[in-house]
Amino acid sequence: MALLYVDVIGGAAGDMLLAALLDAGAPLEEIREAIDAVVPGRFVLEIEEVHRGGLRSSKLRIVSEESDRAMGDAIESERSRSEARGAHQPGRFLDLIAALDRAPLRDPVRRRARAVLDRLGRAESRVHGAPLDALVLHELGDDDTLLDVVGVSAALDALGVDEMLVSSVPLGPVAPESSSAHVLTGVAGPAALEMLHGFRIRDGGSGETVTPTGAAILSALGRPTDAVPDTVVTAVGYGAGTRNPEEYPNVVRVVLGENVDAPSPDGIVVRDLRVIEANIDDMTPELVADAAEALLTSGAVDVWTMPIQMKKGRIGVLLSALCQPDRESTIVAGFFEHTTTFGLRISSVRRAELERRTVRVRVGDDVVRVKIGCFDGVVRTATPEHDDVA
């Protein structure tokens with residue numbers, strides 16, 4: 001299982017996370033294609049090497065197709081990014097959702113991106129006291145948000161990340177001259193802080209160290225950890241922020257690795273997992289499918305359904321989710337949020353797995369990921385990702 005550990009050293013923004021993933025080996029061309037599917041013909045993405053606090057890092061440069069490419073070297077800040085696009089117009093949150101839903105994206109990329117946007121929308125709605133259908137995001141309601149969210153989702157997919165763990169998050173004071181409702185002097189912006197429930201925070205940095213988009217990505221796709229996970233490191237990447245303070249390196253670091261659950265001598269890994277399930281007889285098939293997708297997005301290892309017969313001869317469905325023990329409370333909450341059930345059954349199971357890894361095979365101009373399972377040191381199965389082949 002591929003793990004990603006996000007070490008939030010100086011802060012986290014959407015473009016910093018995307019730059020770090022590209023620095024760790026995510027293919028730039030695949031990321032460009034995914035972004036272009038959502039905001040076609042709007043941006044050119046480039047990576048440049050910079051130094052932050054003595055650390056070599058990658059910084060994302062975003063050049064509008066509508067601007068003069070020669071301006072690219074001058075685009076060093078969020079303000080410059082807005083100038084390259086032209087005058088900023090506040091956007092409706094639901095416009096971002098619509099743009100994502102109609103884009104021809106791979107399902108795993110769309111699921112991740114939708115989870116991030118949903119998390120962002122709920123937090124902004126709570127902070128501003130506005131329903132989602134009336135929510136206007138002045139700082140976030142533009143193509144930059146979609147670029148960062150879709151880009152990170154596509155990068156995680158391309159790297160084959162199964163789980164993302166997040167370190168403690170530094171929160172620094174925001175510049176006192178800011179009058180935006182999105183920031184609060186002395187702490188992170190209220191929307192970012194709203195999304196960091198359950199995450200460990202620490203004092204550190206200066207200015208707005210964590211943006212709402214960065215917080216949405218960390219909280220929707222990752223889970224907090226107080227310790228560096230046991231993993232075999234396969235890649236490391238650094239993503240730089242625009243500012244370059246002297247006090248600390250303004251970077252986010254990602255560490256990609258393989259799970260080190262010790263296999264038996266014959267290459268079998270045995271995990272302790274949870275099965276959570278509910279019998280449902282009052283939801284349409286469409287809503288059951290939506291609930292299953294929501295559980296996967298919440299971190300379930302697997303989700304499945306089975307037709308059953310319930311009391312009074314009613315045809316129902318058994319909805320089951322498999323998850324790691326530390327995700328149990330999240331999956332339980334997902335059942336109650338997305339289904340009509342009044343109760344759940346929870347049981348502990350042990351799952352035996354082949355030792356596995358993922359390789360990337362080039363077929364013509366395309367790349368296909370192939371899952372390889374080994375038993376007793378011998379490859380026993382090799383299965384291409386159906387979505388890549390399709």
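Numbers here are sequence positions counted from 1. Since this is a predicted model, take the numbers as computed values, not measurements.
- Residues Ser153 and Val109 approach most closely at CB-O, 3.7 Å, considering heavy atoms.
- Phe199 and Val228 fall into different hydrophobic clusters, where Ile, Leu, Val, Met, Phe, Trp and Tyr side chains are chained together by heavy-atom contacts under 4.5 Å.
- Within a 6.0 Å radius of CZ in Arg200, no more than 12 heavy atoms belonging to other residues, nucleotides or ligands are found.
- Looking at heavy atoms from C-beta onward, Met283 lies out of side-chain contact with Pro285 at the 4.5 angstrom threshold.
- The backbone N or O of Arg369 sits less than 3.5 Å from a side-chain atom of Asp388, completing a donor-acceptor pair.
- Separation of atoms CD1 (Ile62) and CG (Leu147) is listed at 4.5 Å; rounding is to 0.5 Å.
- By the side chain to side chain donor-acceptor pair (under 3.5 Å) test, Glu29 pairs with Arg32, sequence neighbours left out.
- Considering CG of Leu105 and CD1 of Ile35, their distance stands at 10.0 Å, rounded to 0.5 Å.
- Side-chain contact check for Thr340 and Asp282: at least one donor-acceptor pair (N or O, by modelled atom type) lies under 3.5 Å.
- A heavy-atom distance below 4.5 Å is not found between the side chains of Leu273 and Arg350.
- One finds a salt bridge joining Arg56 and Asp23 here, because a Lys/Arg side-chain nitrogen approaches an Asp/Glu carboxylate oxygen to under 4.0 Å.
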Anything under 3.5 Å between a donor and an acceptor, one on a side chain of residues 313-322, the other on a protein residue two or more places apart or in another chain? List them.
unit_1: Arg314; atom_1: NH1; unit_2: Asp281; atom_2: OD2; d: 3.3
unit_1: Ser320; atom_1: OG; unit_2: Glu277; atom_2: OE1; d: 3.2

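- Residues Ile276 and Val332 are in side-chain contact: their nearest non-hydrogen atoms beyond the backbone lie under 4.5 Å apart.
- Hydrophobic clustering (side-chain heavy atoms under 4.5 Å, transitive across Ile, Leu, Val, Met, Phe, Trp, Tyr) keeps Val6 apart from Tyr238.
- For Arg110 (side chain) and Leu100 (main-chain N/O), a donor-acceptor pair under 3.5 Å exists by modelled atom type.
- Under the 3.5 Å distance criterion, the side-chain polar atoms of Ser58 are left unmatched by any main-chain donor or acceptor of Ala19.
- In this structure, Arg111 does not pair ionically with Glu293, as no charged nitrogen and carboxylate oxygen lie closer than 4.0 Å.
- Heavy-atom neighbours of Met310 CE from other residues, nucleotides or ligands within 6.0 Å: above the threshold of 12.
- Between Arg52 and Lys59 the shortest side-chain heavy-atom distance falls below 4.5 Å.
- Considering only heavy atoms from C-beta on, Asp144 stays 4.5 Å or farther from Asp15 through its side chain.
- The line from CG of Asp290 to OG1 of Thr284 is 8.0 Å long, rounded to the nearest 0.5 Å.
- Counting only heavy atoms from C-beta outward, the side chains of Thr297 and Arg114 never approach each other to under 4.5 Å.
- Looking only at side-chain heavy atoms (C-beta outward), Leu45 and Leu18 come within less than 4.5 Å of each other.
- Scored by the side chain to side chain donor-acceptor pair (under 3.5 Å) test, Asn250 finds no partners at all (sequence neighbours excluded).
- Ion pairing between a basic and an acidic side chain is recognised when a charged N comes within 4.0 Å of a carboxylate O; Asp118 and Arg122 show no such pairing.
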Fill in: Working for salt bridge (charged side-chain N to carboxylate O under 4.0 Å, His left out), residues Arg360 and Glu30
CA-CA 13 Å; Arg360 299 164 63 84; Glu30 287 188 35; 2.6 Å; yes

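- Checked against Met164 for a side chain to side chain contact (heavy atoms under 4.5 Å, CB included), the options Leu4, Leu3, Val254 give a single hit: Leu4.
- To the nearest 0.5 Å, atoms CZ (Arg126) and CD (Glu124) are separated by 13.0 Å.
- In this structure, Thr209 contributes its side chain and Pro170 its backbone to a donor-acceptor pair below 3.5 Å.
- Atom CG of Leu96 sits about 8.0 Å away from atom CG of Leu120, to the nearest 0.5 Å.
- Counting heavy atoms from C-beta on, the side chains of Val152 and Val116 never come closer than 4.5 Å.
- Side-chain atoms of Thr225 come within 3.5 Å of backbone N or O of Ala227 as a donor-acceptor pair.
- With rounding to the nearest 0.5 Å, the separation of CD in Glu46 from CG in Leu28 is 9.0 Å.
- Side chain of Ser298 to backbone of Ile331: no donor-acceptor contact under 3.5 angstrom is found.
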